[in-house]
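Heads up: the structure comes next, in structure tokens.
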Amino acid sequence: MSENTLPAPFSLIRLDSVGSTNDEARRLALSGAAADLLVVTAREQSAGRGRRGRTWVSPPGNLHCSTLIRIDGNLATAAQLGFVAAVALVDAFRALVPGIPFTCKWPNDVLAEGRKCSGMLLEPVDKDWLVLGIGVDVAEAPPPGNLVYPACALADLGFAGTESDVLTAFCAAFGPLVECWRRLGFAPIREAWVARARGLGDPVVVRLEGETISGIFAGLDDEGALLLDQGPQGHRRILAGDVYFPAV
Ligand code: BTN
């Protein structure tokens, strides 16, 4: 175990170079070495994964971490942890880089001034563990080439700290929120996420597998689905997709 610089009850394993921290965390869980809120970080990833099969560019100086969270076998409920983490990231970023309007974008991204600075990949391991993988562009945003969404790094916004400062601030915010979620369920998390969401009530375009639809971003339902108001066609619940805010 690396020297633990994280607030209780988190513990830390710090690695140098790995394929993906999500795979390392998964290995620990399968070998029986997992602990609730054990965080695995790596200086760099050679095979960082994003949502929907994308690559996550993972150079040194950015934060790549995967947290093992004990769950109760209900994977739909466990997915709510992505919203818990997004709220914690927004609060951590707002404290670290004052004056920047950090917001949540469905499902689990964090935006800075409308550009993505953090993403999440949630992967269950059996029915007992969730791996919550988080990537934060601290020092460097990925090159614009293949991005599906404009990106920026915290350093571009004036942040002069390290990825380890970001992880500590995230854990300080995430710990109490996980506790709140375990005691009270999704309702207070949903309210906190909606209060930090970008573009509530605004037009959005949603790219689904094989279909692109548009409507008004009407909120989040009590299971974490995005609610899209399609006018006379009614509301549609979106469970997976990429959300874009068209330029007005
Ligand atoms: C996304 O926005 O597409 C999700 C990006 C998730 C990246 C993180 S970095 C740490 C963890 N390990 C991975 O391979 N992916 C996640």
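The analysis underlying the following values was restricted to heavy atoms, covering all of them including side chains, and did not include hydrogens, waters or symmetry mates. Residues take their numbers from the sequence shown, with the count starting at 1. Ligands are counted one by one from 1 in listed order, and the atoms in each one are counted from 1 as well.
The part of Ile134 lying near ligand 1 is the backbone, judged by heavy-atom distances below 4.0 Å. Of the heavy atoms in Cys65, only backbone atoms (N, CA, C, O) come closer than 4.0 Å to ligand 1.
Residue contacts with ligand 1: Arg52 is excluded, as none of its non-hydrogen atoms falls under 4.0 Å. Ligand 1 lies out of reach of Arg54, whose nearest heavy atom is not under 4.0 Å from it.
Checked by atom type, the side-chain pair Asn4/Ser11 shows no donor-acceptor distance below 3.5 Å. With hydrogens and angles left out, the side-chain atoms of Asp165 and Thr168 include no donor and acceptor closer than 3.5 Å. Checked by atom type, the side-chain pair Ser66/Glu24 shows no donor-acceptor distance below 3.5 Å.
Between Asp242 and Arg54 a salt bridge is recorded (basic side-chain N to carboxylate O distance below 4.0 Å). With respect to Asp221 and Arg237, a salt bridge is recorded, a charged nitrogen being found less than 4.0 Å from a carboxylate O.
Figure legend: Arg115 and Tyr149 shown without cation-pi pairing, the cationic atom not lying both under 6.0 angstrom from the six-membered ring centre and within 45 degrees of its axis.
Among protein heavy atoms, atom 10 (C) of ligand 1 sits closest to Thr21 OG1, 3.3 Å. The protein heavy atom nearest to atom 12 (N) of ligand 1 is Gln45 OE1, 2.9 Å. Of all protein heavy atoms, the one closest to atom 5 (C) of ligand 1 is Trp56 CE3, 3.3 Å.
Listed by number with element, the atoms of ligand 1 under 4.0 Å from a non-hydrogen atom of Gly50 are 1 (C), 3 (O), 4 (C), 5 (C).
Relative to atom 15 (N) of ligand 1, the option among Arg49, Lys116, His64, Arg51 with the closest non-hydrogen atom is Arg49.
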